[in-house]
Amino acid sequence: MRWSSLSAALFAAFAWPAHAQDDSEIKSIALRTHTLQQPYLDSDMSSRWFDFGGDTIIRTDSYIRLTSDRPSQTGWLFSRVPLTATNWEVEVEFKISGKNQLYGDGLAMWVTKQRGQFGPVFGQADQFEGLGLFIDTYKNNRPGVVFPYVMAMMGDGQTRYDKNTDGKDQELAGCSARGIRHSSVPTKLRLTYFQDKQLKLELQYKKEDEYQLCFDVENPPTIPNVAYLGFSAETGELSDNHDIISVKTKNLYQTPGSKGSSSSGSKNRGSNAKNKAKKQQSREGGSWTWFFMKMIFFIMVIGGAYVGWTAYRSKAKSHRF
């Protein structure tokens, strides 16, 4: 047996498998200040956390209708307090519908410094600062793109949205969403943002409880730390109903360690501690098992090397006589 083979065997015996373990997990806290659900209004027929204006109509048992299926309407809905969370997720159920074969113009979601300012971009002001997410249902001039089209634009406060080209040059990311209007299932969007890391949009409109990835942008431009969550819609000569059904917003954060909520009381904390101890014991038990297995293998290798070396010496001696 050659010493190189013996060295390789010894290295294999003592090589400890390295596993990069990431015990961190994403947790969430619901943000009541940026959540909307039926009946939408408080007892005094106003909303504590949201303002609305324009042609918006609120039916407490059904929807918040930003525009009705009539020409030249605009409506908006904005949070009263800014969304200051660094990482967040917003899930919106909405509906776009109408009686006409030709329809427009579309629905927008905003996370911007500006709030409730009338303008030409789906009913809101141009040259905004922050994120605009547009569900554009009417195609102006964008060859090769199937509409409705969903796109994100990160405004810097100076750049204008070019409506004539449907924002082609201002697009950060986007996707076609044919069938999102008059879908047979509840239509939803889920927008996830991790500052300087990720901006991801998922859509539900083909099948219930099944989201389609629209885009996933790494290292996106930073959204202002003080920005308001809002929605708006616009109709021109063509029209549609643009409804918001519900809005659910969560603050996201990463925490290391075992699973389980840290805010569930001392009972859960005790249970989590026990689970953690069990996992630690299991890891330690596994480590000792590996150690003994490697020791046995090492002894076998040494034994095999000794037998081979003895046989070699005996054979060498026999050749001398």
Side-chain angles (χ1 to χ4, degrees), residues 27-70 73-98 106-119 121-125 128-135 185-193 204 208 223-235 239-253 261 263-265:
K27 291 189 176 182
S28 64
I29 299 176
L31 295 177
R32 179 68 186 90
T33 53
H34 294 79
T35 296
L36 264 175
Q37 55 190 4
Q38 298 173 4
Y40 310 118
L41 300 177
D42 304 326
S43 57
D44 58 354
M45 299 305 292
S46 65
S47 173
R48 181 181 179 184
W49 301 115
F50 283 84
D51 285 326
F52 56 90
D55 296 303
T56 300
I57 298 173
I58 298 179
R59 284 194 55 174
T60 57
D61 62 338
S62 302
Y63 51 69
I64 298 175
R65 177 156 289 175
L66 300 175
T67 69
S68 300
D69 190 2
R70 299 173 184 173
Q73 288 211 329
T74 58
W76 56 266
L77 173 74
F78 266 88
S79 65
R80 290 188 173 186
V81 298
L83 179 59
T84 57
T86 304
N87 310 314
W88 43 260
E89 178 185 280
V90 181
E91 182 180 290
V92 184
E93 182 178 349
F94 61 96
K95 185 176 182 180
I96 302 175
S97 62
L107 173 71
M109 172 180 164
W110 306 92
V111 186
T112 55
K113 280 189 174 182
Q114 298 78 16
R115 61 182 299 274
Q117 297 180 9
F118 175 78
V121 186
F122 297 92
Q124 286 295 286
F128 57 88
E129 188 171 355
L131 175 67
L133 182 69
F134 310 137
I135 304 175
V185 303
T187 48
K188 296 181 180 181
L189 67 84
R190 184 165 62 202
L191 186 65
T192 306
Y193 175 73
Q204 174 187 291
E208 194 164 0
I223 297 175
N225 291 329
V226 178
Y228 297 89
L229 173 64
F231 304 88
S232 69
E234 177 184 39
T235 64
S239 60
D240 250 343
N241 298 312
H242 296 98
D243 301 334
I244 300 294
I245 311 299
S246 67
V247 180
K248 298 177 182 178
T249 304
K250 300 176 183 178
N251 177 21
L252 303 180
Y253 64 98
S261 173
S263 60
S264 300

Original post:
Under the side chain to side chain contact (heavy atoms under 4.5 Å, CB included) test, which residues partner Lys248, sequence neighbours left out?
Top reply: Glu91
Original post:
For the ring pair Trp76 and Phe231, is the centre-to-centre distance below 6.0 Å?
Top reply: no
Original post:
Any idea which heavy atoms bring Leu107 and Phe94 closest together, and the distance?
Top reply: CD2-CD1, 3.9 Å
Original post:
Any side-chain heavy-atom pair from Ile96 and Ile135 closer than 4.5 angstrom?
Top reply: yes
Original post:
Does the side chain of Ser79 pick up a donor-acceptor pair with the side chain of Trp49 at under 3.5 Å?
Top reply: no
Subject >> Validation row: Glu208, Pro186 side chains within 4.5 angstrom (heavy atoms) >> reply: yes
Enumerate, atom names and distances included, each donor-acceptor pair closer than 3.5 Å involving a side-chain atom of residues 58-67, sequence neighbours excluded.
unit_1	atom_1	unit_2	atom_2	d
Tyr63	OH	Arg65	NH1	3.4
Arg65	NE	Asp243	OD1	2.7
Arg65	NH2	Asp243	OD2	3.0
Thr67	OG1	Asp240	O	3.1
Thr67	OG1	His242	ND1	2.7

Subject >> Any residue meeting side chain to side chain contact (heavy atoms under 4.5 Å, CB included) with Ser97, in chain and number order, not counting sequence neighbours >> reply: Lys95, His182, Asn241
Subject >> Candidates Val90, Leu229, Leu83 - the one meeting side chain to side chain contact (heavy atoms under 4.5 Å, CB included) with Leu31 >> reply: Leu83
**OP:** Check step by step if side-chain contact (heavy atoms from CB on, under 4.5 Å) holds for Ser68 and Ile57.
**Re:** CA-CA 8 Å; Ser68 300; Ile57 298 173; 3.8 Å; yes
**OP:** To the nearest 0.5 Å, tell me how far Gln73 CD sits from Thr235 OG1.
**Re:** 5.5 Å
**OP:** For Leu131 and Trp110, run side-chain contact (heavy atoms from CB on, under 4.5 Å): C-alpha distance rounded to whole Å, both residues' side-chain angles, the deciding distance at 0.1 Å, then the answer.
**Re:** CA-CA 6 Å; Leu131 175 67; Trp110 306 92; over 6 Å; no
Subject >> Closest approach of Asp69 to Ser239 (non-hydrogen atoms, all atoms of both residues) >> reply: OD1-OG, 2.6 Å
Subject >> Min side-chain heavy-atom separation Gln114-Gln124 under 4.5 Å >> reply: no
**OP:** Evaluate the ring planes of His34 and Phe50, with Trp represented by its six-membered ring, and classify them as parallel (under 30°), tilted (30 to 60°) or perpendicular (over 60°).
**Re:** perpendicular
**OP:** Would you mind reporting whether Asp55 and Thr74 have side-chain heavy atoms less than 4.5 Å apart?
**Re:** yes
Original post:
Residues two or more places apart in sequence or in another chain: which of them pass ring-ring contact (aromatic ring centres under 6.0 Å, His included) with Trp88?
Top reply: Tyr193
Original post:
About how many Å separate OG of Ser246 and OH of Tyr40, when rounded to the nearest 0.5 Å?
Top reply: 7.0 Å
Original post:
Taking only residues two or more places apart in sequence or in another chain, which ones pass side chain to side chain contact (heavy atoms under 4.5 Å, CB included) with Thr86?
Top reply: Gln195
**OP:** Kindly compute the distance separating CG (Leu133) from CG (Leu191), expressed to the nearest 0.5 Å.
**Re:** 6.0 Å
Original post:
Taking Asn251 for the side chain and Ile29 for the main chain, is one N or O donor matched with an acceptor at less than 3.5 Å?
Top reply: no
Subject >> Over 12 non-hydrogen atoms of neighbours within 6.0 angstrom of CZ in Arg70 >> reply: no
Original post:
Going from CZ on Phe122 to CE on Met109, what distance comes out if it is rounded to the nearest 0.5 angstrom?
Top reply: 14.5 Å
**OP:** Indicate the atoms forming the closest heavy-atom contact of Pro82 with Tyr228, along with that distance.
**Re:** N-CE2, 3.6 Å
**OP:** Please assess Leu36 against Leu77 for the test side-chain contact (heavy atoms from CB on, under 4.5 Å), listing each intermediate value before the final yes or no.
**Re:** CA-CA 11 Å; Leu36 264 175; Leu77 173 74; 3.4 Å; yes
Subject >> Atom pair CZ/NZ of Arg190 and Lys250 - distance to nearest 0.5 Å >> reply: 8.0 Å
Subject >> Non-hydrogen side-chain atoms of Phe78 and Thr112 separated by less than 4.5 Å >> reply: yes
Original post:
With sequence neighbours left out, which residue pairs that include part of residues 107-118 fulfil the salt bridge (charged side-chain N to carboxylate O under 4.0 Å, His left out) condition?
Top reply: Asp51-Arg115, Lys113-Glu129
